[in-house]
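Working notes for the structure below.
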Amino acid sequence: MNRVVAVAMSGGIDSLVAAWLLKRYAKQVIALHFTTGFETDKDTPDAVAGLAFRLNIPFHPVDLSSAFRKQVVDPFVRTYLSGETPNPCMACNTAIKFGALLTAARELGAEALATGHYARVRPDARHHCHLHKGADAAKDQSYFLGFLNQKILSAAVFPLGDMTKTEVRHLAAQEGLHPTHRQESQDICFVRNQTCAAFVATRANVAHGPGPILTLDGERIGTHPGIHGFTVGQRRGLNCPSSEPYYVVRIHPGENTLVVGRKTDLYADRVRVHRLNWLVARPDVPLRVTTRLRYRHQGATATVHLTDTDVATVRFDHPQKAPAPGQGAVFYQGDKVVGAGVITA
RNA sequence: UGGGGCGUCGUCAAGCGGUAAGACACAGGAUUUUGGUUCCUGCAUUCGGAGGUUCGAAUCCUCCCGCCCCAG
């Protein structure tokens, strides 16, 4: 690879190993570390700078707090308040990492941006770039990249795509690569030590208070503390004792109401999606795909029927449990990501 | 206060003289580069209260308290 490549370094083991690997085949490597304004550990930039120094690559901190707040955090709060369930990691990948950060990388002279994602980019005969699952099935993160496009992918590099997590750990140990002691994985990075609901509540302009919990028959069986603390398919927190557990089936923000049902009420044979994104040519006929409805969903065979420019109905071969509005539905054909949309109902 | 019934964990509920099941809820943990799901663990030294019978009572007896139903 004869390109100048910037690498997004968080301080974690994955991006550290990615940077190390990149040094072996890129023309030149530049380390970038972006901050969101929600960091717990304010020393991280310096620590990451230290890692870059040891790798002997130039380091640039990038403050993306404004963009992060506007494009990730605020939409996250808004989505919860509207009764849907956001996926901030997907928003971050498109708007921040392969958005603002990629722009910053280019301004520094880089032609591509590398990250520690477990995913692969492969060009076809016409040099169009395609997104594929990472080699490590247990770690594959292509789902989170479903809203990227071919143009962006042509500037994306995933050095860990062919590796397993175990291999990454071994390599790090072997080469003496020590990440800044941060935990392997947290929950949502900006929520930190509070619950999601608490985070949303403190950042919400309009407070959502308690409201009724109704069964599918319309019977009121309880009171919820605020719809932003719930998502379709959720069981915990309802506080409605019964012979068997209740799950959230629907959320009505207008009425500030939660509708609950039994586990069997969670299954849907189709789902509607909007904000469609295609990583291949937009199909003009119903498309057979395997759809992931959430990260770590094994995928369900389905047919995508386009109903409008960026709207479609996804019909599953077999009913799927608890598709949640706001979550991404990512379409695969084999290992290749062909498209994605946001679940609406 | 005539007659009948019932009071066991936050909720529902087993138990019927042999030393308190279970489900739901809740809490904590595990898993997880989103939320949710899932999994694991914990959760009544005590059975409305007070006495009594018994080697032994939530289980039998007495009284009291509370609730429900039928009569009035």
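Naming: A, B, ... by sequence-line order, numbering from 1 per chain.
Separating the CZ atom of A:Arg236 from the C1' atom of B:G35 is a distance of 15 Å, rounded to the nearest angstrom. Separating the CZ atom of A:Arg296 from the C1' atom of B:C39 is a distance of 15 Å, rounded to the nearest angstrom. Rounded to whole Å, atom P of B:U38 lies 9 Å from atom CG of A:Leu266. Look at CZ on A:Phe38: it is 16 Å from C1' on B:U34, rounded to the nearest Å. Atom pair A:Leu81:CG and B:G35:P shows a separation of 18 Å (rounding to whole Å applied). Following rounding to the nearest Å, A:Asp14 (CG) and B:U32 (C1') show an atom-to-atom distance of 14 Å. Atom NE2 of A:His297 and atom C1' of B:U38 are 14 Å apart (whole Å). A straight line from CD1 of A:Ile188 to C1' of B:U32 spans 12 Å, rounded to a whole angstrom.
A:Ala322 comes within contact range of no nucleotide atom at all, as no heavy-atom separation falls under 4.0 Å. A:Tyr80 comes within 4.0 angstrom of the backbone, heavy atoms only, and of no base.
As rounded to the nearest Å, B:U41 and B:U59 have P atoms that lie 32 Å from one another. If you take atom P in B:G4 and the same atom in B:C16, they sit 26 Å apart, rounded to whole Å. Only the C1' atoms considered, B:C69 is 30 Å distant from B:G51, to the nearest whole Å. Rounded to whole Å, the P atom of B:C68 lies 15 Å from the corresponding atom of B:C12. B:C40 sits 10 Å from B:U31 when the C1' atoms are compared, rounded to a whole Å. On the P atoms, B:U8 is 12 Å away from B:C47, given to the nearest whole Å. Distance noted for atom C1' between B:U45 and B:A58: 13 Å (whole Å). Across B:G42 and B:C24, the matching C1' atoms stand 16 Å from one another, rounded to whole Å.
Considering only the side chain of A:Lys321, B:U37 comes nearest among B:U32, B:U37, B:G35.
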Counting only pairs under 3.5 Å, give me each side-chain donor-acceptor contact of residues 87-106 of chain A, with atom names and distances, residues two or more places apart or in other chains.
| residue | atom | partner | partner atom | Å |
| --- | --- | --- | --- | --- |
| A:Asn87 | OD1 | A:Cys89 | N | 3.2 |
| A:Asn87 | OD1 | A:Met90 | N | 3.2 |
| A:Asn93 | OD1 | A:His117 | NE2 | 3.3 |
| A:Asn93 | ND2 | A:Cys89 | O | 3.3 |
| A:Asn93 | ND2 | A:Phe144 | O | 3.0 |
| A:Thr94 | OG1 | A:Met90 | O | 3.2 |
| A:Thr94 | OG1 | A:Ala91 | O | 3.1 |
| A:Thr103 | OG1 | A:Gly99 | O | 3.1 |

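Applying the Watson-Crick and G-U wobble criteria (two distances, each under 3.5 Å), B:C67 pairs with B:G5. Pair check for B:A44 finds none; no Watson-Crick or G-U wobble contact set falls under 3.5 Å. Pairing partner, B:G72: none, since no Watson-Crick or wobble contact has both distances short of 3.5 Å. Across all strands shown, B:U37 forms no Watson-Crick or G-U wobble pair with both distances under 3.5 Å. Under the Watson-Crick or G-U wobble criterion, with both distances below 3.5 Å, B:C60 is paired with B:G52. When both pairing distances are held under 3.5 Å, B:U19 makes no Watson-Crick or G-U pair with any nucleotide shown. Across the strands present, B:U31 finds no partner; the criterion is a Watson-Crick or G-U wobble pair with both atom distances under 3.5 angstrom. Summarising the base pairing, B:C24 is matched to B:G10 through a Watson-Crick or G-U wobble pair whose two defining distances lie under 3.5 Å.
In this structure, the side chain of A:Asp269 does not engage the main chain of A:Pro319 through any donor-acceptor pair within 3.5 Å. Looking only at distances, a side-chain donor or acceptor of A:Gln320 sits under 3.5 Å from a matching main-chain atom of A:His318.
No hydrogens or angles were tested; on distance alone, a donor-acceptor pair under 3.5 Å links the side chain of A:Gln327 to the base of B:U34.
At the phosphate of B:C24, OP1 or OP2 sits under 4.0 Å from a side-chain N or O atom of A:Arg235.
Contacts classified as salt bridge (Lys or Arg N to Asp or Glu O under 4.0 Å) and involving residues 275-292 of chain A (residues at least two apart or in different chains) are given here: A:Asp140-A:Arg292, A:Arg288-A:Asp317.
Connection of A:Val249 to A:Phe316 is not established within any shared hydrophobic cluster, with ILVMFWY side chains joined at heavy-atom distances below 4.5 Å, either directly or through further cluster members.
Nucleotides of RNA chain B nearest to A:Gly116 and A:Val232 differ in position, and the one nearer the 5' end is that of A:Gly116.
If you check residues 237-248 of chain A against RNA chain B, the residues with a heavy atom closer than 4.0 Å are A:Gly237, A:Leu238, A:Asn239, A:Cys240, A:Pro241, A:Ser242, A:Ser243, A:Glu244, A:Pro245, A:Tyr247, listed by number.
Donor-acceptor pairing under 3.5 Å is recorded for the side chains of A:Ser15 and A:Ser10. Between the side chains of A:Arg169 and A:Thr164, no donor-acceptor pair is found at a separation under 3.5 Å.
A:Arg262 forms a cation-pi arrangement with A:Tyr246, by the criterion of a distance under 6.0 Å to the ring centre and an angle within 45° of the ring axis.
A 6.0 Å sphere centred on NE2 of A:His170 holds no more than 12 heavy atoms belonging to other residues, nucleotides or ligands.
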